[in-house]
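Read through the structure below, which is laid out as structure tokens, and then see the notes.
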Amino acid sequence: MKIDYAKELNEAQLEAVYNLEGPLLVIAGAGSGKTRTIVYRLAYLVEQGIWPENILLLTFTRKAAAEMLRRVEELLGRDVAGVGGGTFHSFAYAMLRKFASAVGLNQGFTVIDTSDAKDIIGQARASLHLDKDKGFPNKNTIYDLISRSRNKELALEDFLSANSYHLLKFLPELERIFNYYQNFKKEHFLLDYDDLLFTFESLLQEKAEIREFMQQMFKYVMVDEYQDTNLVQGRIIKLLVGEQGNVMAVGDDAQSIYGFRGATVENILNFPKLFPGTKIIKLEQNYRSTQPILELTNHILKQAREKYPKKLFSHKKSSVKPEIIYTTSDLSQAQVVVRKIEELARTYPYSEIAVLFRAGYQSFALEMELVKLGISFYKYGGQKFSEAAHIKDLVAFLRLVANPCDILAWTRALGNLKGVGPKTCQRLYQAFMEGNQEISKSLCAQKPELKEVLEKLENLRFKSLSPLSVLEEIMTIYGPIMEEKFVDDLPKRMAGVEQLMQIASTYDNLDVFLADLSLEPSLREEKSKDRLVLSTIHSAKGLEWSAVLILDLVEERFPSKLAMQDPKEIEEERRLLYVGCTRAREYLGLFVPATVYNRYQNSFDPASPSPFIREIIPSLVKSYKETYFGEIVPLEEEKKEEPKPRPEKNNFTATGNYCEHKIFGTGKVIAHIPPNKYKVNFPQFGLKLVLEDYLTFK
DNA sequence: GTCGGTGCCCTTTTT
DNA sequence: GGGCACCGAC
């Protein structure tokens, strides 16, 4: 069956599909049929007789890659399994495994995730005796600094001066920790997420024959979500494609939301310079959302400092405007949202409804409400499946079987045993590496449990069983430990173990299983059931639903208070909201609580509507508010014209507003201390008591 | 060295 | 409300 491309695609899409040779940049607005274009182009390539093996498809998640291949197969009625693809990280991992000896990793290597990396940093901090110093950042902060500076490819000093000036005084200590971290990984054959990319880059750069092999192999390269690639990813593409290569990059500068990871829109802007002769195609017709939703999203974008020359248009008429719903608190918001979901569920299946939010914790109250009512859901973003303590423990045992040189696994796994702490693990590891049986024996002398476990692991190592069998064996050790360790929520955690076993059953190589677990932690159960989706906006990228509800549109939550210091970051928050809103096909609801629960003071603190909400023209939306009886009523017209008055703790209107100080910058007024002082919270300097004369109120 | 208790801090987003 | 660092007891 021949595909009638001209019938299925619009003119711009068609052009992108037919342009196979040379560099191509597709600027695709939200909902403009980007995925469709890639799918048809892939199909067209295969139809032209290109081997699937010669095509490389780099996407943001492996799920996205799999989905595209599934659709191509549907289209062609033919197997295209040979198409290489996945995330940059998983692709880099696969290639490094293949050419391990070329980069001196022939004894194998382990991919470590964020928490492993933080453990190493914690170790460095302790062993360099830097943990005694008051005010010295903790391991999370240090990890963040290191990872961010590496992603942006800045020296630690430059990064600190630009982003964390107050930590500059610790520069020498932080550099020592960084060196410790780098050396530790080298010694133990560990690669973190950033190393995967940098090591892969140097492989391509230094080994001409391998580079040429890959250039021959991957004759056609397609990269999705190009706006979210960082510098090293951009260089990898260049190396992979060579001078005259056939590469298509697809992206949308207005949807760039990974700046914190060093992603840079410059990559899109520079693409034509990097690849001379680039053909640029713009996709501007939106096939996803109704016109009223688009009018709102276009408006959100129009307020951006940086201008995106975009005018998305749609032929999907509708009289339903997006809604803004003001609730009395973030806790009542959860109830209002649940009722809205039930109302929507009369029109749409649950799987067509999504609740989106800025950060993982923002859905906790909602999750509790949903559990109460027995509405099941999938949650994406926030803490990962593979980051749960019991899964990490299990994985540590598996790693110990796969690679006994993995020191992190020794401590994590064996630390679970009675009477075994960090020091014992350290010694066991050393004894093992030196092949010193005597020490191991004496360490096991008073600990029969330890001896048994070590023997079991030793046996497993030589049996080369399937990942699932190893996991089952490990559970004979870890099962009893788990029962003791997690008494209150054992059933839930056991379900996690079941899930891990199910995932394991699809692998036959333990190394690959373990790497995938840290590279693609969202390998969850198939999305087959009709379930509601809760997701961070970051994890919702590239997806769409009929109805989308967005929570907590208040200052300090969306935009995040951590973004408030930097105009650039606020702009990224705006694009984030844009991404969230453009996920919606027919219904869009924005929720604005008037107060947010403060768990640490057990109080409800007043919250101001997000600046992004305040700038919305009333005519674009329909506004509602929650009454004190929990009913939802339309907001009166007269109230709509003026911004909603903020709940105040005292009568003075400056409280809750922002003010400017010559030295401290912008801060939030916490309280008025009569007659002429103010308590102000400055993001960089903390709480200050300041005389009125020194402040300019906004 | 290990374990258990207490007090403190911070709570973004992802590979 | 939980994870982490610290401290004193075995």
Side-chain angles (χ1 to χ4, degrees), chain A residues 58-63 86-93 111-119 122 125-126 131-141 144 147-148 150-151 191-198 200 225 228-230 232-233 256-263 356-362 364-365 380-384 386-387 389 414-427 443 446-447 488 515-522 535-541 552 556-564 569 572-573 575-577 579-580 596-602:
Chain A
L58 292 172
T59 54
F60 209 72
T61 63
R62 205 173 317 189
K63 221 164 63 194
T87 62
F88 274 88
H89 290 86
S90 65
F91 177 64
Y93 172 77
V111 179
I112 59 168
D113 67 8
T114 309
S115 69
D116 293 325
K118 286 176 180 170
D119 284 348
R125 196 170 171 271
D131 48 353
K132 301 280 173 269
D133 213 332
K134 286 279 173 223
F136 193 73
N138 64 19
K139 63 180 185 182
N140 287 307
T141 312
D144 231 47
S147 174
R148 279 169 195 241
R150 287 181 81 203
N151 268 284
L191 295 186
D192 66 15
Y193 293 132
D194 304 326
D195 294 328
L196 282 173
L197 299 182
F198 288 124
F200 183 44
E225 310 280 12
D228 288 326
T229 55
N230 62 17
V232 63
Q233 288 168 328
S256 139
I257 53 173
Y258 278 95
F260 68 92
R261 204 182 57 183
L356 306 182
F357 32 84
R358 176 67 183 81
Y361 73 93
Q362 286 169 350
F364 288 164
Y380 302 101
Q383 204 201 30
K384 308 285 173 309
S386 58
E387 276 168 5
L414 300 183
N416 281 299
L417 305 174
K418 285 263 139 49
V420 182
K423 281 283 146 68
T424 310
C425 293
Q426 188 84 29
R427 284 186 190 151
L443 283 166
Q446 314 93 319
K447 291 161 185 146
D488 9 313
D516 276 7
L517 224 40
S518 38
L519 288 173
E520 186 71 11
S522 56
S535 176
T536 59
I537 297 180
H538 283 91
S539 299
K541 101 179 305 214
D552 277 351
E556 305 211 328
R557 288 206 174 176
F558 201 157
S560 157
K561 74 170 164 209
L562 288 116
M564 298 290 229
E569 284 187 48
E572 183 155 312
E573 302 280 313
R575 293 193 296 270
L576 196 55
L577 179 63
V579 170
V596 291
Y597 180 64
N598 182 336
R599 38 211 166 280
Y600 126 94
Q601 281 183 11
N602 195 24

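Labels below follow one simple rule: chain letters A, B, ... track the order of the sequence lines, proteins then strands, and each chain is numbered from 1.
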What pairs of nitrogen or oxygen atoms, one from the protein and one from nucleotides 1-5 of chain B, lie under 3.5 Å apart?
residue, atom, partner, partner atom, Å
B:dG1, OP1, A:Arg427, NH2, 2.8
B:dT2, OP1, A:Gly421, N, 2.7
B:dT2, OP1, A:Gly421, O, 3.4
B:dT2, OP1, A:Thr424, N, 3.2
B:dT2, OP1, A:Thr424, OG1, 2.3
B:dT2, OP2, A:Pro422, N, 3.4
B:dT2, OP2, A:Lys423, N, 3.3
B:dT2, O5', A:Gly421, N, 3.4
B:dC3, OP1, A:Gly419, N, 2.7

- Message: When the C1' atoms of C:dC4 and B:dT13 are compared, how many Å lie between them, rounded to an integer?
- Response: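 Per the computed distance, 23 Å lies between those C1' atoms.
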Mind calculating the distance between [atom1] ([X]) and [atom2] ([N]) to the nearest angstrom?
| X | N | atom1 | atom2 | value |
| --- | --- | --- | --- | --- |
| A:Asn140 | C:dG2 | CG | C1' | 13 Å |
| A:Tyr361 | C:dG2 | OH | C1' | 15 Å |
| A:Ile537 | B:dT13 | CD1 | P | 12 Å |
| A:Tyr380 | B:dT13 | OH | C1' | 18 Å |
| A:Leu562 | B:dC10 | CG | P | 11 Å |
| A:Lys118 | B:dT15 | NZ | C1' | 13 Å |
| A:Leu191 | B:dT15 | CG | P | 18 Å |
| A:Tyr597 | C:dG1 | OH | P | 8 Å |

Could you check whether any side-chain heavy atom of [X] comes within less than 4.5 Å of a side-chain heavy atom of [Y], counting everything from C-beta outward?
| X | Y | answer |
| --- | --- | --- |
| A:Phe357 | A:Thr536 | yes |
| A:Ile112 | A:Lys118 | no |
| A:Thr424 | A:Leu443 | yes |
| A:His538 | A:Leu576 | yes |

- Classify the side chain of A:Arg148 versus the base of B:dT13 as yes if they form a donor-acceptor pair under 3.5 Å and no if they do not.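 Donor-acceptor pair under 3.5 Å: yes.
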- What does A:Tyr258 touch in the nucleic acid at a heavy-atom separation under 4.0 angstrom: a base, only the sugar-phosphate, or nothing?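 It contacts sugar-phosphate atoms only.
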- Item | Sugar-phosphate, base or nothing in reach of A:Gly122, heavy atoms under 4.0 Å |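 A:Gly122: no heavy atom of the nucleic acid under 4.0 Å.
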- Less than 4.0 Å between a side-chain N and a carboxylate O, is that true for A:Asp194 and A:Arg261?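 Result for this pair is no, no salt bridge flagged.
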- Query: If you look at every heavy atom in A:His89 and A:Leu196, which pair is closest and at what distance?
  - Reply: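 So the minimum-distance heavy-atom pair works out to O-CD1, 4.0 Å.
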- Message: Does B:dT14 have its OP1 or OP2 closer than 4.0 Å to a side-chain nitrogen or oxygen of A:Ser539?
- Response: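 Checking B:dT14 against A:Ser539, a side-chain N or O does come within under 4.0 Å of OP1 or OP2.
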- Message: I want to check one thing: is the phosphate of B:dT14, taken as OP1 and OP2, less than 4.0 Å away from some side-chain N or O of A:Thr536?
- Response: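 Yes, because at least one side-chain N or O of A:Thr536 sits under 4.0 Å from OP1 or OP2 of B:dT14.
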- Query: Do we see A:Phe260 stacking on the base of B:dT13, given a limit of 5.5 Å between centres and 30° between planes?
  - Reply: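 Base of B:dT13: stacked against A:Phe260.
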- Query: Ring centroid separation for A:Phe88 and A:Phe200, is it under 6.0 angstrom?
  - Reply: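 No, the ring of A:Phe88 stays outside the 6.0 Å limit from the ring of A:Phe200, centre to centre.
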- A:Phe260 ring center within less than 6.0 Å of A:Tyr258 ring center: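 Centroid distance A:Tyr258-A:Phe260: below 6.0 Å, so yes.
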- How would you list, by chain and number, every residue that makes a side-chain contact (heavy atoms from CB on, under 4.5 Å) with A:Asn416, sequence neighbours excluded?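 A:Asn416 satisfies side-chain contact (heavy atoms from CB on, under 4.5 Å) with A:Asp393, A:Phe397, A:Tyr478, A:Ile481, A:Lys485 only.
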- Item | Earlier contact from the 5' end, DNA chain B, for A:Asn138 and A:Arg261 |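 Whichever sits nearer the 5' end wins; that is A:Asn138.
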- Query: Are a donor atom and an acceptor atom from the side chains of A:Asn138 and A:Thr141 found within less than 3.5 Å of each other?
  - Reply: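 On atom types as modelled, these side chains qualify, holding a pair under 3.5 Å.
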- Applying the Watson-Crick and G-U criteria (both distances under 3.5 angstrom) with [ ] for crossing and | for other-strand pairs, one obtains for DNA chain B |||||||||......
